[in-house]
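To keep things clear, I will list the structure first and then write my remarks on it.
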Number of protein chains: 2
Amino acid sequence: MAEPMYWQIAQALRQEIDSGELRPGAKLPTELELRERYNASRNTIRDAVKWLASRALIETRPGQGTFVVERLAPFITILSADAETGLGGGEGNAALSEIIAIGLTPAADPPDVGIKRADRVLAEQLSVDEGAQLVSRYQPRYIDGIPWSMQTSFYPMNLVTKGADRLLEAADIPEGVIAYLKEQLGLVQVGYRDWILVRLPTEAEAMFFRLPDDGRVSVVVICRTGYSDGPDGPVPFRVTMSIFPADRNQFVITSAHHPPEADG
Amino acid sequence: MAEPMYWQIAQALRQEIDSGELRPGAKLPTELELRERYNASRNTIRDAVKWLASRALIETRPGQGTFVVERLAPFITILSADAETGLGGGEGNAALSEIIAIGLTPAADPPDVGIKRADRVLAEQLSVDEGAQLVSRYQPRYIDGIPWSMQTSFYPMNLVTKGADRLLEAADIPEGVIAYLKEQLGLVQVGYRDWILVRLPTEAEAMFFRLPDDGRVSVVVICRTGYSDGPDGPVPFRVTMSIFPADRNQFVITSAHHPPEADG
DNA sequence: GCAAATTTGTTCGTATGTATT
DNA sequence: CAATACATACGAACAAATTTG
């Protein structure tokens, strides 16, 4: 027995889960019962349980027991532009993306509006000086009441001084900011760049999404920079950072012609 | 003291890491030293260390000690088509994506070629019957000798019977399969759909990428379906699944006109 | 190359605290 | 309030990996 005992116990339990003997939502035997079944100490059983819990196969609930996790049906978000319907995958309300909503009702809290100085990354993305004033608009988003994404958009302050006053109002812009800026300033988004990365959630993100306290669920960060046409080429005018829990979100991007029946 | 001791110790150590007192690569005090410093038992110290290790802030090396992790500079992969240079972001050799390579040398092992029956997902993606014969071509990819991605492409068998014999050869197709299929069969990729998700690595993936044994590093799965023009609209002819470790890979997608200086 | 010292990994036992039913 | 179940914390011993002498 080259492998440690807790590992072997974990594999045995995993096999029960994989085989369907223990179905999602099912309660595992208590630590004391497992202690007897595998003839190991309670600490060893706990090590086995932790091995499975850190891989998101089971979860422990103090006072209740240990349960096989129930996989959430993933939300699928369309990131791409449909060439026919326009740029930016449904930037109507959701600035970044549109969900495949079949009987699901997306919602958003009114935005928190603030003024922020550009850090190095934002300054580079928006082609402004580091420390330049930006308008930030933060919105938590929900699907069927479940926290879905945290979205923050940043705009150079000169858009406000040029007349886009509503950027500073802490109220939703129902037609979408892209449409508002077009109407108000004639600013047209001619393209965008998405930058995707995966990292561990901050404490605030873990709290909002109700992620487990350990670091087993990452978040996907999608940072979209929108461009308008300028005299010397494209000029960035908005950066949107959207945060999604990685365990229940997937993304689809289409390029050029694609078939309408597009899901997995 | 509402918070447990191991948590407080973990926070104290995290603060030392965040403040730069403990720099990346630095060795933490040994468990015995921490035991004295915090006046706790070794098991409690170990719980604190585990808390930090599960969040990828530190790593333990048996026989050596505990060290602050050194962040790898992320590889950035371009997923999008540049409208001018053609479809599919440099599908020359790499089927899916091109890396921003500044002095980096990408490489790939010769492909493993196999025949596989389509499972439900592949059958749907490729619009073939479940169980239909597919050619699979698997290639591990490296950057500067470091495992970078695992890439598997699936093609309907009828491409072979129509004349694309080299799909069955266990040899690289240097000009790229897209170019080969165009030359050989006149098959043109007119678009594609990328499907992105994050999940825990399989055992084989963890081994190939040398990921830590615990489940703290996820992988990003990018599933690209390529389409050609058919009499009744686009027809899928290839599915490529690429696996990347989430801790050292980022992705960029551009849409429409975008500025040339595009990185973060 | 080997033996000793160092350091983390595994396993046991025990006691007490906290959350839920 | 009592019972149940997981969480925290202590102590101890031995094993395995690595470095050092």
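Throughout, protein chains are lettered first and strands after them, A, B, ... in sequence-line order, and every chain is numbered starting at 1. Side chains are part of it too, since the values below use all heavy atoms of this structure and drop only hydrogens, waters and symmetry mates.
- The shortest distance between side-chain heavy atoms of A/Glu36 and A/Ile45 does not fall below 4.5 Å.
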_Determine whether B/Arg248 and B/Trp148 satisfy the following criterion, side-chain contact (heavy atoms from CB on, under 4.5 Å), listing intermediate values before the conclusion._
CA-CA 9 Å; B/Arg248 47 182 182 266; B/Trp148 172 45; over 6 Å; no
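- Rounding to whole angstrom units, CZ of residue B/Arg61 and C1' of D/dA16 are separated by 17 Å.
- In this structure, CG of A/Leu32 is placed 8 Å from P of D/dA5, rounded to the nearest angstrom.
- Within residues 46-59 of chain B, no residue has any heavy atom under 4.0 Å from DNA chain D.
- When the P atom of D/dC6 is taken as reference, atom CD of A/Gln64 falls 10 Å away, rounded to whole Å.
- The shortest distance between side-chain heavy atoms of A/Pro74 and B/Leu197 does not fall below 4.5 Å.
- Counting only heavy atoms from C-beta outward, the side chains of A/Val220 and B/Val198 approach each other to under 4.5 Å.
- Look at A/Glu33 and A/Lys27 and you find no salt bridge, because none of the NZ, NE, NH1 or NH2 atoms lies under 4.0 Å from a carboxylate O.
- Residues B/Leu13 and B/Leu34 form a side-chain contact, since some pair of their non-hydrogen atoms from C-beta on lies under 4.5 Å apart.
- Counting to the nearest Å, the C1' atom of C/dG9 and the OH atom of A/Tyr6 are 8 Å from each other.
- Taking the side chain of B/Pro62 as heavy atoms from C-beta on, and the options D/dT8, D/dA7, C/dG9, the nearest nucleotide is C/dG9.
- Taking side-chain N and O atoms only, B/Thr44 has no distance below 4.0 Å to OP1 or OP2 of D/dT8.
- Between A/Gln125 and A/Met241, every side-chain heavy-atom pair lies at or beyond the 4.5 Å cut-off.
- Atom CD1 of A/Ile45 is separated from atom P of D/dA7 by 14 Å (rounded to the nearest Å).
- A 4.5 Å side-chain heavy-atom check between A/Asp109 and A/Gln139 finds every atom pair outside the cut-off.
- Between C/dT8 and B/Thr66, a contact under 4.0 Å exists linking OP1 or OP2 to a side-chain N or O.
- When rounded to the nearest whole Å, the span between CG of B/Asp213 and P of C/dT10 equals 9 Å.
- B/Gln15 is not listed as a side-chain neighbour of B/Asp18, based on a closest heavy-atom distance of 4.5 Å or more.
- The CG-P distance, from B/Asp214 to C/dT8, rounds to 17 Å in whole Å.
- Checking the phosphate oxygens (OP1, OP2) of D/dA7, a side-chain nitrogen or oxygen of A/Thr60 falls inside 4.0 Å.
- For DNA chain C, the neighbouring residues in residues 33-43 of chain B, judged by any heavy atom under 4.0 Å, are B/Arg42.
- Protein atom CH2 of A/Trp7 is 16 Å distant from nucleotide atom P of D/dA16, rounded to whole Å.
- Dashed line: the shortest gap from a side-chain N or O of B/Thr30 to OP1 or OP2 of C/dT6 is not under 4.0 Å.
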